[in-house]
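Note sheet for the following structure.
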There are 2 protein chains.
Amino acid sequence: MPEEKLSPEKQAEGFSIAREKQAVALMEDYVELIAELTDELGEARVADIAERMGVAQPTATKAIARLKREGLATSRPYRGVFLTAEGAQMAKFVYERHRTLVGVLMKIGVSKEAAEIDAEGIEHFVSDEMLAAFKKFLSDT
Amino acid sequence: MPEEKLSPEKQAEGFSIAREKQAVALMEDYVELIAELTDELGEARVADIAERMGVAQPTATKAIARLKREGLATSRPYRGVFLTAEGAQMAKFVYERHRTLVGVLMKIGVSKEAAEIDAEGIEHFVSDEMLAAFKKFLSDT
DNA sequence: TATATTTTATAGCACAGGCTATAATAAGAA
DNA sequence: TTCTTATTATAGCCTGTGCTATAAAATATA
Ligand SMILES: [Mn+2]
Ligand SMILES: [Mn+2]
Ligand SMILES: [Mn+2]
Ligand SMILES: [Mn+2]
């Protein structure tokens, strides 16, 4: 395949954008999970968040502190975690993006389980243009 | 879409795997870039690596130190950076995976430029199964 | 109510990956 | 060869994300 290279500037921009997306990736996962737990269990407890994220409890507590600091969630000591309007909006977007991505991957031939697992990492790096193309790809039977 | 949820264990596994991939993502990018610069310019200098990665020079120096520590590259003070056999092998794999991913994205309708930029982040989270499905998708005209 | 258990918070540590400022070295020019 | 410039290394800082150990609070049980 004789591919033309991107300019050094565009290449650096690609890395730069990936770094920025990376910085919000964890917050997106937590927010999505909090919405999910609230929906399933009626509330999102720190212990459940930690378990489902596969991290130690203090790690989850610290991440929640960051969510609060960034205005995505609220909580009082020894109480569950709640999303703000902004957090809920992010959760909705992230959820739909996740589903779209899994749909595309499965349509391409990836198993559901692998698609779900891979999507967990990939989803955070999908641009608006790519998401639009994915939706179109899915709707074109 | 009535999607069935993954079990809590599988979900945690997804996050866990994403974290592991994340940890090697930067190393993959550096290794790929070093191979690219060596190919283009005959050698990979720290200054060029930093510029193309879009980071400050000491940041690149530190990353290179980690590559050396992990047996992926070698270098002597004030000299260029060279890949080990292991590093070169990683570079080859990463390059081909990158190209495959860009190919799939473009086939789905993403522009070349957006595909290249998005791929820079996504590529590191592509599993073997997904990569195989992508190759098949590309070869099936 | 008193005690045991579970849950959450806090303290303290480590490492990766950014940065700026500055020193040291190598390479080029006079 | 000496001096200037460009390159690389080093020091020191910050933030994020992990961990374990332990304290504190809330909840459940006796
Ligand atoms: Mn995710
Ligand atoms: Mn997700
Ligand atoms: Mn990349
Ligand atoms: Mn790449």
Side-chain angles (χ1 to χ4, degrees), chain A residues 8 12-31 33-34 37 41-82 120-121 124, chain B residues 8 12-34 37 41-82 120-121 124-125:
Chain A
E13 190 197 348
F15 288 125
S16 200
I17 289 175
R19 280 193 298 273
E20 281 164 22
K21 303 224 162 148
Q22 162 64 25
V24 296
L26 247 205
M27 296 299 93
E28 291 185 338
D29 282 336
Y30 273 95
V31 156
L33 178 56
I34 289 166
L37 287 170
L41 311 176
E43 65 176 343
R45 307 296 305 228
V46 172
D48 294 328
I49 295 170
E51 190 198 351
R52 299 275 273 263
M53 286 296 301
V55 298
Q57 168 260 310
T59 300
T61 298
K62 204 188 280 189
I64 291 160
R66 194 183 152 199
L67 290 182
K68 292 166 72 172
R69 187 157 26 96
E70 300 192 2
L72 295 167
T74 61
S75 82
R76 299 197 329 263
Y78 295 93
R79 283 278 143 68
V81 181
F82 305 90
E120 208 50 78
H124 311 285
Chain B
E13 190 196 348
F15 289 124
S16 201
I17 289 174
R19 280 194 298 273
E20 281 163 24
K21 302 224 162 145
Q22 167 66 254
V24 297
L26 246 205
M27 296 299 93
E28 290 184 340
D29 282 336
Y30 272 95
V31 156
E32 185 185 3
L33 178 56
I34 289 166
L37 287 169
L41 311 175
E43 65 176 343
R45 306 297 304 226
V46 172
D48 294 327
I49 295 170
E51 189 199 350
R52 299 276 273 261
M53 284 297 300
V55 298
Q57 168 259 312
T59 300
T61 299
K62 203 188 280 188
I64 292 160
R66 195 182 151 197
L67 290 182
K68 291 166 73 173
R69 188 153 29 93
E70 300 191 3
L72 295 167
T74 61
S75 82
R76 297 195 334 262
Y78 297 93
R79 283 277 146 70
V81 182
F82 306 90
E120 209 49 79
H124 311 284
F125 301 92

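Each chain gets a letter, A, B and so on, in the order the sequences are listed, and its residues count up from 1. All values below come from the heavy atoms of this structure, side chains included, with hydrogens, waters and symmetry mates left out. Only a predicted model underlies this, so the values are computations on that prediction, with no experimental measurement involved.
Nearest-nucleotide assignment on DNA chain D puts the 5′-proximal partner with A:Leu26, out of A:Leu26 and A:Arg45.
Between the side chains of B:Lys68 and B:Ser75, a donor-acceptor pair is found at a separation under 3.5 Å. Side-chain atoms of B:Gln22 and A:Gln22 form a donor-acceptor pair, as typed in the model, at a separation below 3.5 Å.
Contact of the B:Arg45 side chain with the B:Leu37 side chain is not registered, since no non-hydrogen atoms from C-beta on lie closer than 4.5 Å. At least one side-chain heavy atom of B:Met53 sits under 4.5 Å from a side-chain heavy atom of B:Leu33.
Taking CD of B:Glu43 as the start and CG of B:Asp48 as the end, the distance is 8.0 Å to the nearest 0.5 Å. Summarising the geometry, atom NZ belonging to A:Lys21 is positioned 11.5 Å from atom NE2 belonging to A:His124; distances are rounded to the nearest 0.5 Å.
Within the 3.5 Å criterion, the main-chain N or O of A:Gln57 finds a donor-acceptor partner in the side chain of A:Thr61. Side-chain N or O atoms of A:Arg52 include none that pairs as donor or acceptor with a backbone N or O of A:Ala47 at under 3.5 Å.
Contacts between chain B and DNA chain D, taken as any atom within less than 4.0 angstrom of a protein heavy atom, begin and end at D:dT7 to D:dG18.
Within residues 46-59 of chain B, the residues that place at least one heavy atom under 4.0 Å from DNA chain D are, in residue-number order, B:Val46, B:Ala47, B:Gln57, B:Pro58. Residues from residues 62-78 of chain A lying near DNA chain C, meaning a heavy-atom separation below 4.0 Å, are A:Pro77, A:Tyr78 in numerical order.
Regarding A:Gln22, its CD atom lies at a distance of 11 Å from the C1' atom of C:dA16, rounded to whole Å.
Applying side chain to side chain contact (heavy atoms under 4.5 Å, CB included) to A:Leu72 and the options A:Ile64, A:Leu67, A:Ile34 leaves one that passes, A:Leu67.
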Exercise for the section: List the steps and the verdict of side chain to side chain contact (heavy atoms under 4.5 Å, CB included) for A:Asp29 and A:Glu120. Expected result: CA-CA 8 Å; A:Asp29 282 336; A:Glu120 208 50 78; 3.0 Å; yes
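For A:Arg19, no side-chain nitrogen or oxygen approaches OP1 or OP2 of C:dG17 to under 4.0 Å.
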